[in-house]
Amino acid sequence: MAPKSTPDELVQAARTGDRAAVARLLSIVERGGSEAHQVGRATYALAGAAYTVGLTGAPGAGKSTLTSAVVAHVRRSGERLSVLAIDPSSPYTGGAILGDRVRMGQHALDDGVFIRSMATRGHLGGLALATPEAVRVLDAAGFPWVLIETVGVGQVEVEVAGAADTTVVVVNPGWGDSVQAAKAGLMEIADVFVVNKADRAGAEQTAHDLESMMDLTDTGRWRPPVVRAVGTTGEGAAEVWEAIGAHRAHLEGSGELGERRRARVQAELDLILEQRLRAKVESLLQPGARAAVDADVAAGRLDPWSAADEILHPLDA
Ligand SMILES: Nc1nc2c(ncn2[C@@H]2O[C@H](COP(=O)(O)OP(=O)(O)OP(=O)(O)O)[C@@H](O)[C@H]2O)c(=O)[nH]1
Ligand SMILES: [Mg+2]
């Protein structure tokens with residue numbers, strides 16, 4: 001790859017299996033900005049063939065270990081796949097990224113697997129917008145499967161994880177975990193539950209608790225299967241993959257896959273518009289317009305509605 005390749009040239013190279021080009025495209029997407037938008041324009045029409053699977057769960061639930069076990073299982077059938085490990089923590093700690101390198105290292109020499117960590121750069125909606133772009137890069141590069149690992153702790157991470165065709169929620173033995181899953185909004189986005197670390201005590205109970213919680217919220221639609229797995233030995237990896245396949249068949253058979261994807265790209269457009277409008281409005285406002293009223297609001301001299309009127313007043317003209 002010549003160092004000056006344009007996004008279009010990189011996309012063409014990625015389509016012929018050039019892994020360095022794929023890596024460079026992902027770096028561009030991660031950085032964001034106008035070059036990333038060019039990548040987005042080049043990949044959009046080429047994408048749509050890949051199926052995306054989100055894996056989420058609390059820190060340390062064993063997502064990376066389980067993902068690696070699932071990858072090993074899928075590779076035995078010869079299918080190619082890619083993994084995006086989304087790290088919502090500070091880009092400077094790199095802890096999770098290092099951990100993932102170690103845990104997924106067994107696939108480092110396998111040409112049929114592409115594994116990449118992506119960190120948030122802290123800009124507004126950065127992760128939420130970079131993730132679908134990165135998926136489209138891997139899709140355009142011809143990977144039929146994209147697995148996305150995210151830590152399910154905050155709303156943004158839940159949104160990112162929920163932006164997959166099938167979402168797998170990974171919990172551990174222990175009642176606390178399923179309560180946490182419910183609290184973190186993970187119950188709503190789960191298409192498949194995995195009780196990982198099933199080699200530890202309490203796995204049966206946790207599976208049972210999840211089933212009871214689903215009894216209470218049964219919608220009559222897809223009911224997420226609960227699979228037990230041991231990421232470290234690979235036990236249950238085949239069953240996890242089978243459950244993902246069953247959910248995929250359900251989405252394809254019911255027409256819900258198309259609906260989900262349409263809703264997703266609309267949400268993406270909403271977010272882009274929101275960002276653009278915000279930037280545009282901010283550029284039109286007087287510098288310091290906000291700071292001028294902040295003190296009054298804090299001191300109780302001005303209510304927030306009137307403060308907003310004052311700040312936006314120059315736009316009324
Ligand atoms: N006993 C047991 N330990 C496991 C199992 N799966 C993973 N672990 C261990 O749990 C720890 C965390 O595993 P990871 O795969 O890094 O977990 P993660 O959810 O990806 O962690 P983050 O990405 O940091 O949120 C590691 O020490 C693993 O070896 C399992 O099935 N049983
Ligand atoms: Mg991990």
Side-chain angles (χ1 to χ4, degrees), residues 7 11 25-26 28-56 82 84 86 88 118 120-141 143-169 184-192 217 219-222 224 244 247-283:
V11 170
L25 285 165
L26 291 174
I28 293 171
V29 163
E30 193 179 28
R31 274 198 303 275
S34 63
E35 223 190 343
H37 303 165
Q38 280 179 55
V39 172
R41 276 190 281 273
T43 55
Y44 193 76
L46 302 172
Y51 193 86
T52 54
V53 179
L55 292 109
T56 191
S82 54
L84 278 177
I86 308 290
M118 285 215 319
T120 165
R121 284 294 179 262
H123 48 262
L124 179 72
L127 205 51
L129 284 177
T131 304
E133 279 312 349
V135 167
R136 286 199 278 268
V137 166
L138 294 164
D139 190 344
F143 288 99
W145 296 94
V146 183
L147 312 187
I148 309 167
E149 177 193 336
T150 38
V151 181
V153 282
Q155 199 49 47
V156 174
E157 289 75 52
V158 166
E159 276 165 24
V160 169
D165 295 323
T166 293
T167 298
V168 178
V169 171
L186 295 174
M187 294 298 287
E188 286 74 27
I189 62 163
D191 299 309
V192 172
T217 56
T219 56
R221 300 180 85 180
W222 171 262
I244 291 166
H247 182 248
R248 177 177 185 165
H250 161 78
L251 288 183
E252 286 173 345
S254 63
E256 234 183 286
L257 182 61
E259 273 169 48
R260 273 191 184 206
R261 289 180 171 182
R262 270 191 295 280
R264 235 156 56 203
V265 79
Q266 271 163 22
E268 198 181 334
L269 177 54
D270 284 345
L271 195 57
I272 293 169
L273 285 172
E274 226 173 274
Q275 275 199 358
R276 292 264 172 100
L277 283 172
R278 185 185 282 254
K280 195 167 195 100
V281 167
E282 273 165 11
S283 74

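All residue numbers refer to positions in the sequence shown, counting from 1.
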Distance, nearest 0.5 Å, that separates [atom1] of [X] from [atom2] of [Y]:
X: Leu25; Y: Arg136; atom1: CG; atom2: CZ; value: 13.5 Å
X: Leu269; Y: Arg264; atom1: CG; atom2: CZ; value: 15.0 Å
X: His247; Y: Leu257; atom1: NE2; atom2: CG; value: 9.0 Å

Shortest non-hydrogen contact from [X] toward [Y]:
X: Ala190; Y: Pro224; answer: O-CG, 3.3 Å
X: Gly54; Y: Ala164; answer: N-CB, 3.2 Å
X: Val29; Y: Ala134; answer: CG1-N, 3.8 Å

message: Taking Leu138's backbone N and O only, do any of them form a donor-acceptor pair with Ser82's side chain (distance below 3.5 Å, no angle check)?
response: no
query: Any donor-acceptor pair under 3.5 Å linking the side chain of Trp222 with the backbone of Asp191?
result: yes
field: Chi angles and distances behind the side chain to side chain contact (heavy atoms under 4.5 Å, CB included) call for Val168, Ile244
entry: CA-CA 8 Å; Val168 178; Ile244 291 166; 3.9 Å; yes
Enumerate, atom names and distances included, each donor-acceptor pair closer than 3.5 Å involving a side-chain atom of residues 36-52, sequence neighbours excluded.
unit_1: His37; atom_1: NE2; unit_2: Gly33; atom_2: O; d: 3.4
unit_1: Thr43; atom_1: OG1; unit_2: Val39; atom_2: O; d: 3.1
unit_1: Thr43; atom_1: OG1; unit_2: Gly40; atom_2: O; d: 3.4
unit_1: Tyr51; atom_1: OH; unit_2: Thr166; atom_2: OG1; d: 2.6
unit_1: Thr52; atom_1: OG1; unit_2: Asp165; atom_2: N; d: 2.9
unit_1: Thr52; atom_1: OG1; unit_2: Asp165; atom_2: OD2; d: 3.2

- request: Please assess Arg262 against Glu259 for the test salt bridge (charged side-chain N to carboxylate O under 4.0 Å, His left out), listing each intermediate value before the final yes or no.
  value: CA-CA 5 Å; Arg262 270 191 295 280; Glu259 273 169 48; 5.6 Å; no
task: Evaluate the criterion side chain to side chain contact (heavy atoms under 4.5 Å, CB included) for residue pair Ile189 and Thr56; output intermediate values, then yes/no.
output: CA-CA 10 Å; Ile189 62 163; Thr56 191; 4.1 Å; yes
- prompt: Checking salt bridge (charged side-chain N to carboxylate O under 4.0 Å, His left out) for the pair Glu274/Arg278: CA distance, chi angles, key distance, verdict?
  reply: CA-CA 6 Å; Glu274 226 173 274; Arg278 185 185 282 254; 5.6 Å; no
Check: [Y] and [X] side chains under 4.5 Å, non-hydrogen atoms:
X: Leu26; Y: Glu30; result: no
X: Glu149; Y: Leu84; result: no
X: Val137; Y: Asp139; result: no
X: Thr131; Y: Ile86; result: yes
X: Glu268; Y: Leu129; result: yes

task: Could I get the full list of side chain to side chain donor-acceptor pair (under 3.5 Å) partners for Glu256, not counting sequence neighbours?
output: His250
Salt bridge (Lys or Arg N to Asp or Glu O under 4.0 Å) partners of Glu282, counting only residues at least two apart: none
